[in-house]
Amino acid sequence: MAPPKLTEYEKKRLENIRRNDQMMAALKIHSTVSQLSAATKRQKVGLSKSYKLSPEKKVAKSQSPIVIRRSLRTRGMPPDSGGLDYSVETPDRSPTRISKPRPSPRVMGPLSMRDAYSGTESDRALIDTILFLEKKPQVDVSIKKKFDRCEAVKMEQSDGISHDSVKGVVKDEYLDYGIKIDDKETESCVDVWSMGLKKENIARVLPGRIMAVRFLPCNDVRMIVAGNKFGNVAFWNMDSKGEEGDGIFLYRHHTGPISGILCQQSCLSKIYTSCYDGFLRLMNAEKEVFDLVYSGDDAIFSLSQRPNDMNGLYFGEGRGGGLNIWDERTGRFSSQWILHEDRINSIDFNSQNPNIMATSSTDGTACLWDLRSVNADKAKSLKILNHNRAVHSAYFSPSGSFLATTSADNTVGILGGVNFEDTSMIYHYNQTGRWLSPFRGIWGWDDSSIFIGNMKRGVDVISCSQRRSILTLQSSHMSAIPCRFDAHPCKVGMLAGATTGGQVYVWTSS
DNA sequence: TTTGGCGTTAAAGCA
DNA sequence: TGCTTTCCACGCCAAA
């Protein structure tokens, strides 16, 4: 077969890459000196822990040429063309990588964890820890209530009993939702006023902006997974002892911003990651690979999974508002819908009734859907919440009784009532600008509080019942604005906040 | 109606 | 300490 004909642009670009490679090789010594200097400066920030890149993979920002990225699609190339290595286009590239090339994260297949690993010390400790946890039965204590409800619904559904008879569900005209409001849910199980930030619970886990952060859902080890805009994913074992280094392990198995991280409580060794590069990968610690689950031409902006369907991956793809359901067993789409007019920023499911899905979009809306009645021809939502600007998140409360939305129009919306017909819009300044990831208000461990970033280097706590911000968590240790959060699924009061500088701050309650 | 450029914004890096 | 660079968010507005 004849080699593909290159366009003028592509020829020029390849030539640029070749020149850049030569230049970077020549600058090897210089860059090493500048990195050492940078490392020294990092100490000054006062972070007790920070990620360490292996010498051949340290960031050589000032020397690395930045090539403007164009998507494969806009270049008229298929995603598996293998023609151009994206890795040269990010600052996370070093001179010596040229002489010892590693597989590009864009490889169309499994990528070994060893090849994707960017650290100095062995990652054996991490893999062993995950495999150890995997074998240990995990008990979810803090959100037992949520899962009890979920299990109750599932149990009754499998018994063939209709939603109308599910225990505790209010019988009225809105029963299609299968969701009940319980005022007791608004009682708090955590004293947010006692939440504090300890110095040892701070680390710089990644270079660059953190796009997504997750706790590994287990009781025994406090493990954080974070993804940045360069396609790195870091693991931070907060319980790691000194002899194992800082407990931070850095990989790069994607080539663009990480848009989603999914950890499963039922199988801790498998962690899904989605990326703007259109790839969806699955870390398999047993096989020590990052498997390729899906690859498409368009960016993946959001990723989620239904609580009762571990084989289906729900992800928002492209700027056209597409939502795909990917069946991992068959390796095919179960469904492909256009649900919005612009990118889908978040996907979430109701714990009481996993058929109810919430999406938020840059088109300015958050929508509720009943998965049983969505069809490809005419996607009709159960409810549309209109914001005046882009909506960055729409998350159900742990009990499923409320929905919280965060929008660029400087509001946090709280929807409640039997049919989510009660809408409250709470003013919250959400203008993060270009360099910070947009804020997303997340629920804590019950229906009482929503946690969201504050431009004054704090974490605002919004009371659901009072429909207002009641507290801002602040600390002298916090030197940057936390944008993305995760509440530990098993440890009440443990909240991770991630910044644009790669730091993670973990708040705990006393 | 579509497209493209600009302004906004925080923080790391460097002189 | 202060300036420069970053540059995949997004609204706004003018030009095409």
Side-chain angles (χ1 to χ4, degrees), chain A residues 30-31 33-47 50-51 53 58-75 86 89-92 204-212 227-232 254-260 274-279 297-302 316-320 340-346 360-365 387-393 406-410 429-440 453-458 478-484 497-503 505:
Chain A
H30 184 189
S31 68
V33 171
S34 65
Q35 286 145 15
L36 284 169
S37 163
T40 313
K41 297 261 169 62
R42 247 199 326 265
Q43 301 281 328
K44 288 184 187 171
V45 178
L47 291 171
S50 70
Y51 65 91
L53 292 172
K58 282 180 181 174
V59 178
K61 219 170 217 175
S62 56
Q63 286 79 28
S64 300
I66 306 298
V67 182
I68 295 167
R69 180 186 181 189
R70 284 177 64 214
S71 74
L72 288 165
R73 196 169 60 156
T74 55
R75 281 184 251 145
Y86 172 77
E89 301 172 26
T90 75
D92 190 11
R204 189 191 300 271
V205 301
L206 285 166
R209 183 196 304 184
I210 294 179
M211 309 287 291
N228 71 1
K229 66 173 182 177
F230 300 134
N232 295 111
H254 285 286
T255 57
I258 304 291
S259 52
S274 63
C275 181
Y276 283 27
D277 66 8
F279 281 42
D297 292 354
D298 287 324
I300 299 174
F301 291 112
S302 44
E317 190 180 38
R319 296 189 173 273
H340 284 275
E341 291 175 6
D342 209 327
R343 54 183 270 182
I344 294 175
N345 295 313
S346 72
S360 66
S361 169
T362 299
D363 70 8
T365 66
H387 276 274
N388 293 323
R389 289 190 185 177
V391 188
H392 290 292
S393 64
T406 307
S407 169
D409 69 2
N410 289 336
Y429 187 76
N430 294 330
Q431 301 308 304
T432 51
R434 188 178 185 177
W435 314 119
L436 302 190
S437 298
F439 291 153
R440 292 176 176 178
N454 177 301
M455 290 298 276
K456 291 177 179 167
R457 295 177 183 169
M478 208 148 79
S479 60
I481 296 166
C483 301
R484 295 291 158 90
T499 75
T500 198
Q503 301 102 327
Y505 297 87

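Because the structure is predicted, anything quoted here is derived from the model rather than measured. Each chain gets a letter, A, B and so on, in the order the sequences are listed, and its residues count up from 1. Below, each value reflects all heavy atoms present in this structure, side chains not excepted, and no hydrogens, waters or symmetry copies.
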side-chain N/O Arg457(A) vs dA11(B) OP1/OP2, d < 4.0 Å: yes
All side chain to side chain donor-acceptor pair (under 3.5 Å) counterparts of His340(A), not counting sequence neighbours: Thr359(A), Asp363(A), Thr365(A)
Rounded interatomic separation in angstrom, taking CG from Asp409(A) and C1' from dT8(B): 17 Å
Nucleotide nearest Arg209(A) when distance is taken to its side chain, options dA12(B), dC10(C), dA9(C): dA9(C)
With Val391(A), the side chain to side chain contact (heavy atoms under 4.5 Å, CB included) member among Ser361(A), Ser346(A), Ser360(A): Ser360(A)
Nucleotide nearest Arg389(A) (side chain, heavy atoms from C-beta), chosen from dA10(B), dC10(C), dC12(C): dC12(C)
Integer-rounded Å distance: dA12(B) C1' and Arg204(A) CZ: 8 Å
Residue-phosphate contact under 4.0 Å: Lys229(A) side-chain N/O, dC7(C) OP1/OP2: yes
Spacing between Ile344(A) atom CD1 and dA9(C) atom P, to the nearest angstrom: 15 Å
Phosphate contact (dA9(C) OP1 or OP2) by Tyr276(A) side-chain N/O below 4.0 Å: yes
Aromatic stack Trp435(A)/dT6(C): centroid gap under 5.5 Å, interplanar angle under 30°: yes
Separation of dT9(B) C1' from Gln431(A) CD (nearest whole Å): 10 Å
Among dC10(C), dT9(B), dA11(B), the nucleotide that comes nearest once only the side chain of Arg343(A) is considered: dC10(C)
Atom-pair distance (CG on Asn228(A); P on dC7(C)), nearest Å: 11 Å
Residue Thr500(A), side-chain atoms from C-beta onward, closest of dA9(C), dC7(C), dA11(B): dA11(B)
Residues, nucleotides or ligands: over 12 heavy atoms within 6.0 Å of Gln431(A) CD: yes
Under 4.0 angstrom between Gln503(A) side-chain N/O and dA11(B) OP1 or OP2: no
For atom CG of Leu436(A) and atom P of dA12(B), their distance in whole Å: 11 Å
Whole-Å distance separating the CG atom of Asp342(A) from the C1' atom of dA9(C): 11 Å
Ile481(A) side chain, from C-beta outward: closest of dA11(B), dT6(C), dA9(C): dA11(B)
Touch class at under 4.0 angstrom, heavy-atom based, for Ala408(A) against every strand present: nothing
Distance in Å, Ile300(A) CD1 paired with Asp277(A) CG, rounded so as to fall on 0.5 Å steps: 7.5 Å
Within the sub-3.5 Å range, which N or O atoms of nucleotides 5-7 of chain B have a protein N or O partner, and how far apart are they?
none

Side chain of Asn345(A) (C-beta onward), nearest among dC7(C), dA12(B), dC10(C): dC10(C)
Evaluation steps, side chain to side chain donor-acceptor pair (under 3.5 Å), between Asn345(A) and Thr362(A): CA-CA 7 Å; Asn345(A) 295 313; Thr362(A) 299; 3.0 Å; yes
Whole-Å gap separating P (dA12(B)) and CZ (Phe230(A)): 12 Å
Which atom of His254(A) lies closest to which atom of Cys275(A), heavy atoms considered: ND1-CB, 3.3 Å
For Phe439(A), ring-ring contact (aromatic ring centres under 6.0 Å, His included) partners two or more places apart: none
Separation of Asn430(A) CG from Arg389(A) CZ (nearest 0.5 Å): 10.5 Å
Sugar-phosphate, base or nothing in reach of Thr362(A), heavy atoms under 4.0 Å: sugar-phosphate
